[in-house]
Colleague: 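Structure provided below as structure tokens; questions to follow.
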Amino acid sequence: MATNRTFTMIKPDAVENNYIGGILKMINDAGFRIVALKYTKLSTEAAGKFYEVHKERPFYGELVTYMSNGPIVAAILEKDNAVADFRTLIGATDPTKADEGTIRKIYAKSIAANAVHGSDSDENAQIEGDFFFSKLERF
Ligand code: CMP
């Protein structure tokens, strides 16, 4: 059964390039409601924990360094079929393979600096949202 929430981060490259507004506008225009929103910076330890699932991958060290390099925007988003629809909106992990009109096609620089994160399952959406937000921070 599909649930109706997903989790996203606007990554350091997109924040640094002043794309927060453009990306949030695309998210709202696609019909997602913002349930929770936070502008913060991950420590190396926190980035390592968030991406622990990729620990054995060759790019893990680069990913953790990159994601703790500057501020990010974290958000929980709500919409019918949120996880799948958000992954369609952001496009492929590698921006050179992302469809026209997707967030990564428009805003991402590379596979490492790919502008946004989107949960890959309902289970991970719950885990990732809980990583950043308490119950008092969700509306
Ligand atoms: P994200 O959706 O945040 O989930 C895991 C991240 O790892 C992914 O986006 C990319 O930023 C990063 N990633 C995936 N594959 C590679 C790769 N081959 N090289 C560097 N980073 C990668």
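Indexing begins at 1, ligand by ligand and atom by atom, following the structure's order. In what follows, residues are counted from 1 in the order of the sequence shown.
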Colleague: Return the residue, atom name and 0.1 Å-rounded distance of the protein heavy atom closest to atom 9 (O) of ligand 1.
Modeller: K11 NZ, 3.1 Å
Colleague: Identify whether the distance between the nearest side-chain nitrogen and carboxylate oxygen of D85 and K79 falls below 4.0 Å.
Modeller: yes
Colleague: State the OG-CZ distance between S68 and F50, to the nearest 0.5 angstrom.
Modeller: 13.0 Å
Colleague: Where on H54 is there a heavy atom closer than 4.0 Å to ligand 1, on the side chain, on the backbone, on both, or on neither?
Modeller: side chain
Colleague: Flag yes if more than 12 heavy atoms outside K41 fall under 6.0 Å of its NZ atom; otherwise flag no.
Modeller: yes
Colleague: Could you tell me whether N114 and ligand 1 have an N or O pair separated by under 3.5 Å?
Modeller: yes
Colleague: Counting non-hydrogen protein atoms only, what is the nearest one to atom 10 (C) of ligand 1? Give residue, atom name and distance.
Modeller: I111 O, 3.2 Å
Colleague: Return yes when R57 approaches ligand 1 closer than 4.0 angstrom through a heavy atom, no otherwise.
Modeller: no
Colleague: Is the closest N or O pair between V116 and ligand 1 shorter than 3.5 Å?
Modeller: no
Colleague: Tell me the contacting part of M67 for ligand 1: side chain, backbone, both, or neither, using a 4.0 Å heavy-atom threshold, strictly below.
Modeller: neither
Colleague: For ligand 1, which atoms have a heavy atom of Y51 less than 4.0 angstrom away?
Modeller: 3 (O), 4 (O), 5 (C)
Colleague: Please check if atom CG in D130 has more than 12 non-hydrogen atoms from other residues, nucleotides or ligands closer than 6.0 Å.
Modeller: yes
Colleague: Could you check whether any side-chain heavy atom of I72 comes within less than 4.5 Å of a side-chain heavy atom of T40, counting everything from C-beta outward?
Modeller: yes
Colleague: Return the closest protein heavy atom for atom 20 (C) of ligand 1 as residue, atom name and distance.
Modeller: F59 CB, 3.5 Å
Colleague: Please confirm whether F132 and F7 have ring centers closer than 6.0 angstrom.
Modeller: yes
